[in-house]
Amino acid sequence: MKCQLVQSVEGDLVSSYFEEEDLVAAMEARGFVFAGLNKNKAQRAELQGKPKFLGVFGPMWNGDGIRYEDRETYLKLSA
């Protein structure tokens, strides 16, 4: 499953893509601390057991993979 991180950098949305097996290491390299696995039964089955990180919203379903967003991005896209 593909994984995407969307961050706001100087007002622009910047996406980074990772393979699922590299996700935890890639996110930690960007300063996001692994916070366990998603166990929210109210969310889609595809999101169950996916990593959660401090400092970003997610995991979120992205149509064909999972996505994480920093706070500024989340606020922009959710407005």
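These values consider heavy atoms only, across backbone and side chains, with no hydrogens, waters or symmetry-generated copies.
By the ring pair (Phe, Tyr, Trp, His ring centres under 6.0 Å) test, Phe18 pairs with no residue at all, sequence neighbours left out.
Nearest heavy-atom pair across Pro59 and Leu47 is O-CD1, 3.7 Å. When all heavy atoms of Arg67 and Asn62 are compared, the pair lying nearest together is NH1-OD1, 2.6 Å. The two residues Gly11 and Lys76 have their closest heavy-atom pair at O-NZ, 2.7 Å. The two residues Glu20 and Lys50 come nearest to each other via the heavy atoms OE2-NZ, 2.6 Å.
Taking CD from Gln48 and NZ from Lys41, the interatomic distance works out to 5.0 Å, rounded to the nearest 0.5 Å. Considering OG1 of Thr73 and CZ of Phe57, their distance stands at 10.0 Å, rounded to 0.5 Å. Taking CG from Leu5 and CG from Leu23, the interatomic distance works out to 9.0 Å, rounded to the nearest 0.5 Å.
In the displayed structure, Arg30 atom CZ is contacted under 6.0 Å by more than 12 heavy atoms of other residues, nucleotides or ligands.
Using a 4.5 Å heavy-atom threshold, the side chains of Glu72 and Gln7 count as separate. Contact check for Ile66 versus Glu46: no side-chain heavy atoms found under the 4.5 Å cut-off. Between Met27 and Pro51, the closest side-chain pair of non-hydrogen atoms is not below 4.5 Å. Using a 4.5 Å heavy-atom cutoff, the side chains of Phe34 and Glu28 are in contact.
Under the 4.5 Å side-chain heavy-atom criterion for ILVMFWY residues, no single connected hydrophobic cluster contains both Tyr74 and Trp61. In the hydrophobic cluster analysis, where Ile, Leu, Val, Met, Phe, Trp and Tyr join through side-chain heavy atoms closer than 4.5 angstrom, Met1 is grouped together with Val24. Note: the hydrophobic cluster containing Leu37 also contains Val56 (ILVMFWY, side chain heavy atoms under 4.5 Å, direct or indirect links).
Under a 3.5 Å cut-off, the side chain of Asp64 and the backbone N or O of Lys2 do not form any donor-acceptor pair.
Residue Val6 shares its hydrophobic cluster (ILVMFWY side chains chained together at separations under 4.5 Å) with Leu13, Leu77.
Using cut-offs of 30° and 60° on the angle between ring planes, the pair Phe53 and Tyr68 is perpendicular.
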